[in-house]
Each structure stands twice: as C-alpha cells, then as structure tokens.
Amino acid sequence: MINRSKYQYENRRYVFIAAVACVILIFVARLIDLQLVNNEYKDWADSNAFLKKTLYPARGVIYDRNDKLLVYNQPAYDVMLIMKEIQPFDTVDFCNTLGITREFFNKRIQDIKSRDLNPGYSQYVPQVLMTQLSTSEYGMLQEKLYKFPGFYLQNRTVREYGYPNAALLLGNIGEVSKRDMENDSYYARGDYAGREGVERSYEKILRGKKGKEILLRDARGRIKGRYEKGVRDEAPVSGKNLKLSVDIELQAYAEKLMRNKAGGVVMIEPSTGEVLCLVSSPTYDPNLLVGGRQLGKNYVQLESDPLKPLFNRAIKGRFPPGSTYKPAQGLVFLQEGFITPQKLYTCAYGYPYHDGKPACHGHASPLSLNAALATSCNSYFCWGLHDMLDNRKRYPTVQEAFEVWKKHMVSMGFGYPLGIDLPGESRGFIPNSKVYDSFYKKRWNSSTIISIAIGQGEIDTTPLQICNLSATIANRGHYIVPHVVREIEDLPLDSIYTHPKRTSVNREYYDVIAEGMRSAVLYGTCTGLYMPGIEVCGKTGTAQSTSGKDNSVCIAFAPCHQPKIAIAVYVEHGGFGKTNAIPIARLMLEKFFHGDVGESLRFLETEIMNRVVL
C-alpha cells in the first residue's frame, strides 16, 4: 500500500526546490544585467563620485610642399550637460546668452534623449548640447555658468584655413553620424571627423588619440580635485602632421584662371606622381564650412547651387576626353603592330563630308602618325581602330580584338580609379565587348563604335586620368599613382605612391608619341603652348557634349626630355581646345617654370581671368 502522505511530502519538496532555484536564477540574471549588460546604475554610481572628462587631442596640421601652413587649429568650446544634474534654471536667460531659440534648445534636448539618434544615452554621463562656441560666446556663458547647474564647458579645437583655396582637396570636418559611431568605437556623440578631401582620407592619422581626466566630487557634486592625484588620467596624443605635394601658389593661380568656368586643372610631377595642383571649378572658400551655426547654412547654400561647387570635377567628373585620347590610341596600334610610325592613312574615313567629298581639315593627305597627332586628324585613328578590330586573320571575332584594346587602355590607367589618396574618385568608363553585344545584339564592328577612336561615344575619363596619361607619356611608359600627400610625420607613405606601374606598351612607342605631341606644339594644333627655351609637348581636344557647347580640353608635359611637369585642363562648354584649355595650360606652365607670367602674357592672363564660360 502507497504511503500517500510521504508521496505528497516528496512532491512539495521538489516544488520548493524548484521555486528556490528559480529565485536564485532570477537574482543571478539580474546581477549579470546590472554588472555586465546595463550600465545605468554604474553610470549613476560613478557620476555621484566622479566627473570623467574627455581630453581631445590637437588635430594634425597640414602644410603645402613649400611648408606654407594650409590648415591649423584654433580653440573652440562645446557646451556639455549631465541630464541627471540639471536643476530648474532660467531657460530664457540661457538661450539668450548663447543666441539660440527656445525651440532649438528643446529640439536638442529631445535629440540627446533619443536612443536612435544617440546610442548608449545615459542621463548620468556627459552629453553634447552645442559644439564649437566662439571665444566671445564662451566668455558670455562662462560668466553665468553658476546659474545653470548640470552644464559645463569642454575645450575643443576648430579648423582654420590659411588660404581661401583648395577647399575640395583639403576637405572639411563634420559631426559624426550614428553610422560613424557604430563603425568605430573611437567616436562618441558630438565628435568630429573628416568628411571630404585629405581630412577624410587621412582621418585616422590626423585625429590623434583622446585622453581622459577623472575629477573627484563631494557629496554635493562639487569638484574637489583629481581622482588619485591624476594617476588614472591619460594625456591626449596629437594627430600627425601632413605635408602635401600641392603648391598652394599654383593652386590659387589655377583657381583664378578657372573663375567663372566649370571644369578642372590637374598638374602632376611625372617622376614622383605628386600632384602639384588639383582644381575643380567652381569652388568655394574652405572657411565657409568651419564650425559655428553658420556652417549648416553655408553648406545648404553650396549644396543647392546648380553649378555644384561641392562636386570635385577633377577626380569625380566623367567627361569624354576627345582628341586627348588619340595618343593612347596610337600607342595601342603601335604595340599591336597595326601601324608603324611611317604608316600612312588618307585623311578620310568616309566622314565628315563637305560638298559631297570627305573633308580634310587643312592638312596633307595621306599622313603619318606624327602628322596625325600634330594636326589631330580624326580619320587616321579611325582607320587604325578599323584595322585592329576588323582583322579576322589576327582575331577570330571583334569581341576578342576589342578586349585586347581595352586591356591596353586599362594598363594606362583608364576604366578604373587610379587610386589617388582622396575619397570618391570616379573610375570613368571604358566599355567591354559585352556592353556592345548588349547594345547591338552581337552584330557590331569597328564602324559601329568608331567614335571611340577619337575619345567620344561611350568613353568617359576624369581630368586626373588624362593628366596621368600625359605623365605616363612623359615617363615613356610608366606612372606612379597620383597622390596629394607628400610626407606623413614619422610614418612612411603607402607603397603604391612610391612604386612605378608600367603599362603594356613598349617604351620605344612612347618616344614616337612624344615626338608627335612635340610637333603639335611646333606647327600643329597646340602652337599656343610654345615656350621659348622649353620643349613643350601637347595635345588638344574638342569633346562633344550632350548638354551644350563642346568641351575644351588639352594635355601637355615639359620639357620633352627629362620632364618636370604634366598638365591637363578641362573646360566644360569651352569650345575648341585652343580657345580656353590651351591658354590656361600655357599660363600655368609659365607660372610653374618662371614663377610669374611676363608682360607678353599679361593681356592673355587678364582676358582668361575675366572670361565667363558657364
């Protein structure tokens, strides 16, 4: 017979044990939450005893290649608050002191409390109310700070610019976003980071390392000194300084020449890949995007400008290169053996026509490669592309021939970003055979796409890429990836900015192209680049635009042997290459070699600076 009372006792015991175990598990889970997961109570406890202040490092300063100071730091101040310590105060007086509205103040408080906008928010730890107060604003608030318990001032720095130039190259800094904080634990709400240009691409080098200061409070929350006499404090480490390859005087001069024009000017030292000038026009004064409440207003105005001054055309703009692409075409045809320097083509590919006959634009026919480069003969390069792409003895299909052509173009730096140390570089566009197979259902040949022979059609390049082509020809077949930073304090440059990249074309063919570009300056389309005593090599371009007048383009390098500089000028809707691009390039070369333009060029300088091409 079953002892029912004993059985019931055993059941109650198990229930009791289970209940005790559940209570213990609940306590353990709560302790884990309090100790490891939820920092609210820890923050509360710490805030009663300590005030932990972040010490911000000085951001690295930036010089040009001649040690002229371009970007430096000035003191600024942030208004901080600890929500739990705020006591009733005169909000109107507070807002008037800072020159803000009550609506702005209330909105900032709401944003601070929002865990979506402010991940990790705690009412016990310091939060940023306002950033980058000026010295005068700081002084007015400091006098009244005793009236506003829970608020204090945090020392910071703000960027200042020594010149009103190179805004897009230098970039700017802005307040970090939620994504920035999620991607990098270094950042907290209210921190600033590089947003564009050098400031962004070298952010981790420029920003330095934060420090901290732990201050001891008494029972009433008053600061009583440093905790443990500052043993646990950490000093901030300043960011590294940068020396750019840019010559700010050349940069400023190019910006003057490009005033009231849209386009870009790029100058590269061929032997090093260092960028001496990188201008996008229109541009703006970098001081417009420095701190204070005017920053947002100025940014909105720049962003809404239809001429897009915030868009870096020099590295992001995609434009047809026009006839500046012909040297690259000549190199491919020479390398593949479809032409020789002596090869003659008639100056007619079946177009354009004049009075029923193929037109030759004022030069002899047939002509050699040298003469074709000098006179910028379209038909010569159309014939070359025809002979390469439609040669079925050499290539079974047009697709195979085209891929060989494209491979050479990619080796010269087209179709992909070159890798300049600035954010957002465009790849341009060099189509592959699949693009044309899709367009023409695999029924196409050289005549179908003949416009690419003269840098039109589907071909898009950036001003940086065509300048790099000029530098590559100057080097007779290699280039070093263009870069704007010359030296980093106590650190080496990335190896891609010190090691040359060779193209797929033999050196001897570059000599042929350089001679043709020299002929263009001596008696062809680039005579406007002629400089006594300096052998300049050049190539013009007049690139058709789908949105108006043709674009004016040119590339050049000098001297022909042992070259010191390569340049590209692109003026949107500037007409013929010789109309705007050539004069600008000529003046820039004069400035580079002689430091100033002589009296003989003063009239041209004035005319170009005052010319409006928009």
Side-chain angles (χ1 to χ4, degrees), residues 47 51-59 71-114 117-118 121 123-162 172-176 188-193 210-213 215 217-218 220-226 236 285-301:
S47 68
L51 174 61
K52 296 180 180 179
K53 295 182 68 175
T54 299
L55 303 179
Y56 289 93
R59 196 169 175 88
V71 189
Y72 54 97
N73 302 306
Q74 291 280 42
Y77 309 89
D78 290 351
V79 182
M80 310 292 292
L81 61 87
I82 298 175
M83 204 69 70
K84 192 65 176 178
E85 296 182 2
I86 295 178
Q87 300 175 17
F89 66 97
D90 189 340
T91 310
V92 174
D93 186 18
F94 183 83
C95 292
N96 288 340
T97 301
L98 289 176
I100 60 176
T101 64
R102 180 68 178 270
E103 291 74 21
F104 175 85
F105 175 80
N106 291 338
K107 178 66 165 54
R108 287 295 299 148
I109 296 296
Q110 291 174 5
D111 290 347
I112 288 171
K113 292 180 177 180
S114 169
L117 297 176
N118 188 15
Y121 163 73
Q123 60 180 327
Y124 299 102
V125 300
Q127 306 289 333
V128 180
L129 177 70
M130 290 180 59
T131 61
Q132 298 186 4
L133 265 65
S134 67
T135 304
S136 60
E137 291 171 328
Y138 164 80
M140 287 187 290
L141 181 60
Q142 182 68 35
E143 289 181 2
K144 297 183 177 182
L145 203 57
Y146 70 93
K147 296 182 179 180
F148 311 124
F151 294 87
Y152 69 94
L153 290 164
Q154 170 78 62
N155 291 359
R156 295 289 292 269
T157 58
V158 66
R159 291 305 237 181
E160 291 287 337
Y161 297 88
N172 61 291
I173 60 173
E175 190 169 352
V176 296
R189 183 173 175 82
D191 283 355
Y192 278 72
K210 294 176 186 174
K212 66 179 181 181
E213 183 179 44
L215 303 176
R217 298 174 182 268
D218 64 13
R220 295 185 179 182
R222 295 172 298 190
I223 302 300
K224 303 301 292 182
R226 292 184 174 183
D285 185 337
N287 286 296
L288 290 175
L289 297 184
V290 170
R293 289 178 289 282
Q294 290 300 312
L295 186 153
K297 179 181 177 182
N298 292 339
Y299 184 86
V300 170
Q301 289 180 344

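- Contact annotation: the side chain of P236 never approaches that of K210 to less than 4.5 Å [non-hydrogen atoms, C-beta and beyond].
- A 4.5 Å side-chain heavy-atom check between V128 and D191 finds every atom pair outside the cut-off.
- Under 4.0 Å is where a charged nitrogen must lie from a carboxylate oxygen, and between D93 and K147 at least one such pair does.
- The two residues L98 and E137 make their nearest non-hydrogen contact at O-OE2, 4.2 Å.
- Put simply, the side chain of R108 gets close to the backbone of L129: a donor and an acceptor are under 3.5 Å apart.
- Distance alone, capped at 3.5 Å, is enough to place a donor-acceptor pair between the N298 side chain and the L288 backbone.
- Taking the side chain as every heavy atom from C-beta outward, M83 and L81 approach each other to under 4.5 Å.
- Counting heavy atoms from C-beta on, the side chains of Y77 and Q142 never come closer than 4.5 Å.
- You'll find the side chain of Y299 reaches within 4.5 Å of the side chain of L289, heavy atoms only.
- The minimum heavy-atom distance between C95 and F105, with the atom names listed, is SG-CB, 3.8 Å.
- Taking the side chain as every heavy atom from C-beta outward, Q123 and E85 never approach each other to under 4.5 Å.
- Side-chain atoms of R159 and N172 include no donor-acceptor pair closer than 3.5 Å.
- In this structure, N118 and D111 have side chains that are not in contact, with every pair of non-hydrogen atoms separated by 4.5 Å or more.
- Side-chain contact between I82 and Q127 is absent, with no heavy atoms from C-beta onward closer than 4.5 Å.
- Side-chain atoms of D78 and Q132 form no donor-acceptor pair, as typed in the model, at a separation below 3.5 Å.
- In the model, T131 has a side-chain atom that pairs as donor or acceptor with a side-chain atom of Y192 under 3.5 Å.
- For F148, the ring-ring contact (aromatic ring centres under 6.0 Å, His included) criterion is met by F89, F94, not counting sequence neighbours.
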